[in-house]
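Here's the structure, in structure tokens; my notes come after.
Numbered from 1 within each chain, the chains take letters A, B, ... in sequence-line order. What you see is a predicted model, and the numbers here were worked out from it, not measured in a lab.
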Number of protein chains: 2
Amino acid sequence: MRLAPAAAAQLKRRSVSRAAPRPAVIRSTAEFARYVGLSRSAVSRVMNEQPGLRQATIDRVRRAIAETGFTPNAHAVHLRGKPSKMIGLCVENLLTPSGVAKLSELQELLAARGFTVLIEVDRADGSRKLIEHFLSLRVQGVVFVGHFNPELLGERIAGLRRHGVPHLVVDHSGCANAPTVTLDRGAAMEEVVAHLHGDGHRRFGLMGISGAFQTVADRLDGVRAALRKRGLAFDRCVVALDHLHVRTDHFEFGRLLAREFASRRDRPTAFIAVNDETAIGALLEFQSRGLRVPGDLSIVGFNNQTICQMTTPALTSVDQQIERTARMATDLLIGAIDRPLPRLPAMRLIAPQLVVRGSTGPAQRRRARG
Amino acid sequence: MRLAPAAAAQLKRRSVSRAAPRPAVIRSTAEFARYVGLSRSAVSRVMNEQPGLRQATIDRVRRAIAETGFTPNAHAVHLRGKPSKMIGLCVENLLTPSGVAKLSELQELLAARGFTVLIEVDRADGSRKLIEHFLSLRVQGVVFVGHFNPELLGERIAGLRRHGVPHLVVDHSGCANAPTVTLDRGAAMEEVVAHLHGDGHRRFGLMGISGAFQTVADRLDGVRAALRKRGLAFDRCVVALDHLHVRTDHFEFGRLLAREFASRRDRPTAFIAVNDETAIGALLEFQSRGLRVPGDLSIVGFNNQTICQMTTPALTSVDQQIERTARMATDLLIGAIDRPLPRLPAMRLIAPQLVVRGSTGPAQRRRARG
DNA sequence: CTGAAAGCGCTTACAG
DNA sequence: CTGAAAGCGCTTACAG
């Protein structure tokens, strides 16, 4: 027999104000209220720290929480009107150390502001599903960290825009339709060249800075600008031998390039690598061939990872300022919540920092004229 | 003026069966049903692929979904009775590469089974809040990855047990009250010693394998057992100089230890390091002092990270079998969902795999007698 | 084959 | 100061 609604409500009401013995696990405010001997409203008000409650009531509820470990169902809370307090984080992969470092910082900063971070890895298959998943959980914002297929990324951004979900791209420079926070790679290269030039270097070897990526173009622009500023011609000062080898493992690639450069008569005195791994591969290879670093040649990495400390001398590298990047990303994203999406997405550049270590030093006299 | 419930319902009903123009963003089945011109029930049935629907109805709904990009609110779905399809993942930190690799595999496997992974980092402050957070989101299971403060971990496990939430500890060996999946570190060391012994080595240097951790004890037990099996006395064959230096950076620690060992007359011919970083620091230091690897000495790392490829020769190391670990963890956790928690938590050991590379080789004659 | 109604676990006006 | 009732967005018996 089904009870008429009114009768069912009666039944419920009757049992409300009788304290029950502690059940195994309490799963709802209703159960919990019965346990404390108060109404669900009273319990809810205590949990949300609303004013106008008797101290005795507050204590009673608090004690019961401590006893039972009751936690309100976040999904129900959200459904009732509270924001989901979730942020979607889409990462290129979880294997790139600098990407993971950014994720780590972002997670920490967002958690500190009460957000739960949902991490999704950009896997080949789930192109559309990824955004749907975030949307179904009613995330309040989405951050993309890393380098993505531009077309796919654009599609996802469009989906988020359509649904009015704030979003932000970190590091994938050259995404026109999304607000972006990215390292100023041009400035990084300018700093590197300035440092090496200051040490008397006039011939530069580029390692792994090639390919059809926006980030590569940005870096080359930086090198070009820095040289122009010093009255040097890019074509005459810069040598790259990337085309001679297939890039598989970074270390190995650096090693192979170093082998090529080592035997050249017109070997540059300074090398700028696409990342720390390539730089270290090259450095170790140069050293094993009897070349001294920085006596015979200087070498600079990129990302300033812990492995920079591994070699002797330690590797000069460019720090991405991950903490500052994450902070800016967090502030921008959270600032965009509950605000209309901006018409023109802005691009914020993060200033890199060159960390000078032992792998760079004054150019040798006899090579200074190149 | 407030409407009486019945009147309000009337008002709602009236607008139900008129198709409306497409709104900016559709946020509920009610809105969406209005848009399609069907009832909420019909829409829900299509979305859940229930039988007994006219094809025309199905098509109509599907088309509307494609047009609007409508996604049902996952929180509401859960509230109505469906499991949350969420798993909490508590990691020691996001900086340890092997920890992140495990997290990555786990996320992939769980995502493939339809679970959303909530990642929390074990930060000093939020001890209790971490579990509360997972509980409030009604996760269906929790995995701990890494090494934790045993007391805190035990407390958290107890909390989960009390609430009947399945849980699993990966890697933190020696947690009595929780089901555990962990690398068989003893077996790893046995394999290492067997390999080195097979190459004629009889004196072993331990680097960084010290301290009051269960994992250290497990490793030392493995070394001991392997030596005993070969009729060798641990005390006579094994040298450790960890006490001579403070462990800060792994590379640097390896370098410092190598420096100590290099000048010793009774230098071991084989070195076993706590991890790849320490091994590489030592290897580079030995080489820079003119010692040949593996000609003069062999060296073994642990974790089999990409940096093993970096040195010449490449580093022999122990692979943690992360994929297998993650698969077993996933299977165990998912198997425990909707089943009563076992009385006696089981410990599963993952067999490691020794990856032999160039840094290990036959011991020199003159040193073989040590 | 489809719709109206009840109910999941909360919170918040509204009444007392 | 506290409780009963409505309603968030869903799904699923129950009616038709």
Side-chain angles (χ1 to χ4, degrees), chain A residues 1-17 26-34 36-58 60-61 70-84 135-138, chain B residues 1-17 26-34 36-58 60-61 70-84 135-138:
Chain A
M1 187 195 87
R2 270 179 75 230
L3 287 171
Q10 272 289 337
L11 214 67
K12 228 184 201 172
R13 210 169 300 141
R14 215 173 294 157
S15 54
V16 157
S17 45
I26 291 185
R27 302 187 174 287
S28 71
T29 32
E31 262 182 272
F32 182 69
R34 223 172 295 141
V36 210
L38 282 165
S39 73
R40 284 141 75 221
S41 337
V43 165
S44 171
R45 278 194 273 263
V46 174
M47 309 212 83
N48 294 292
E49 297 180 325
Q50 281 176 16
L53 289 156
R54 244 185 1 200
Q55 190 57 44
T57 309
I58 298 175
R60 214 158 121 203
V61 173
F70 170 66
T71 344
N73 185 321
H75 305 279
V77 171
H78 160 64
L79 203 58
R80 193 53 192 64
K82 298 258 165 80
S84 68
L135 289 175
S136 79
L137 284 161
R138 303 295 189 259
Chain B
M1 190 195 85
R2 268 178 76 228
L3 287 171
Q10 272 290 338
L11 213 66
K12 232 185 197 169
R13 210 169 299 143
R14 213 173 295 155
S15 53
V16 156
S17 47
I26 291 185
R27 303 190 173 285
S28 71
T29 32
E31 261 183 274
F32 182 69
R34 225 172 296 141
V36 212
L38 283 165
S39 72
R40 282 142 77 220
S41 336
V43 165
S44 172
R45 278 193 274 260
V46 174
M47 309 212 84
N48 293 293
E49 297 180 328
Q50 283 176 15
L53 288 157
R54 239 183 8 197
Q55 190 57 44
T57 309
I58 297 175
R60 214 158 121 202
V61 173
F70 171 65
T71 343
N73 185 321
H75 306 280
V77 172
H78 160 63
L79 202 58
R80 194 53 192 61
K82 299 259 165 81
S84 68
L135 289 176
S136 79
L137 284 162
R138 302 297 189 258

Quickly work out the Arg60(B) CZ to dG3(C) C1' distance and round it to whole Å.
13 Å
Pick the nucleotide of DNA chain D nearest each of Gln50(B) and His75(B); which residue has the one closer to the 5' end?
His75(B)
Please report the closest heavy-atom contact between Lys82(B) and Asn48(B), naming both atoms and the distance.
NZ-OD1, 3.4 Å
Is the base of dA4(C) touched by the side chain of Ser41(B) through a donor-acceptor pair closer than 3.5 angstrom?
yes
Tell me what Arg45(A) touches on the nucleic acid: a base, only sugar-phosphate, or nothing, going by heavy atoms under 4.0 Å.
base
Ignoring backbone atoms, establish whether Arg138(A) has a side-chain N or O less than 4.0 Å from OP1 or OP2 of dC10(D).
yes
Phosphate-side-chain proximity, Arg54(B) and dT2(C), N/O vs OP1/OP2 below 4.0 Å
yes
Which nucleotide in the list dG3(C), dC10(D), dC10(C) gets nearest to the side chain of Asn73(B)?
dC10(D)
Rounded off to whole Å, could you give me the CD-to-P distance for the Gln55(A) and dT2(D) pair?
11 Å
Atom-pair distance (CZ on Arg34(B); C1' on dC10(D)), nearest Å:
15 Å
Need to verify one output field. Residue with the more 5' nearest nucleotide on DNA chain C, Ser28(A) or Thr57(B)?
Thr57(B)
If you take all heavy atoms of Leu38(B) and Arg60(B), which pair is closest and at what distance?
CG-NH2, 3.9 Å
Arg80(A) CZ to dC10(C) P, in whole Å, measures 13 Å
Can you tell me if Ser84(A) uses its side chain to pair, donor with acceptor, with the backbone of Arg138(A) under 3.5 Å?
yes
Closest non-hydrogen atom pair between Ser136(A) and Pro72(B), with its separation
CB-O, 3.4 Å
Whole-Å distance separating the NE2 atom of His78(A) from the C1' atom of dT11(C)
14 Å
If you compare every side-chain N and O of Asn48(B) against the phosphate oxygens of dT11(D) (OP1, OP2), does one of them come in below 4.0 Å?
yes
May I ask you to evaluate whether Arg40(B) reaches the phosphate of dC10(D), defined as a side-chain N or O under 4.0 Å from OP1 or OP2?
no
Considering only side-chain heavy atoms of Ala42(A), which listed nucleotide, dT12(D), dG3(D), dC10(D), is closest?
dG3(D)
Looking at His75(B) and Leu137(A), would you say the former's side chain and the latter's main chain have a donor-acceptor pair under 3.5 Å?
yes
For Met47(B) and dT11(D), give me the distance from atom CE to atom P, rounded to whole Å.
8 Å
May I ask you to decide if the ring planes of Phe32(B) and Phe70(B) are parallel, tilted or perpendicular, using 30° and 60° as cut-offs?
parallel
Lys82(B) has an atom NZ; how far is it from atom P of dG9(C), in whole Å?
16 Å
When all nucleic acid strands are considered with a 4.0 Å heavy-atom cut-off, which category describes Gly52(A): base, sugar-phosphate, or nothing?
base
Report the distance from atom CG of Leu53(A) to atom P of dT2(D), rounded to the nearest whole Å.
6 Å
Minimum heavy-atom separation for Asn73(A) and Leu79(B), please, with both atom names.
ND2-CD1, 4.0 Å
Side chain of Leu79(A) - closest among dG9(C), dT11(C), dC10(D):
dG9(C)
Looking only at non-hydrogen atoms, find the nearest pair between His78(B) and Pro83(B) and report the distance.
ND1-C, 3.7 Å
Contact class for Phe70(A) vs. all strands (heavy atom < 4.0 Å): base, sugar-phosphate, or nothing?
sugar-phosphate
Paired runs of 3 or more consecutive Watson-Crick or G-U pairs involving DNA chain C, with both pairing distances under 3.5 Å, are C:1-3 with D:14-16, C:5-12 with D:5-12, C:14-16 with D:1-3
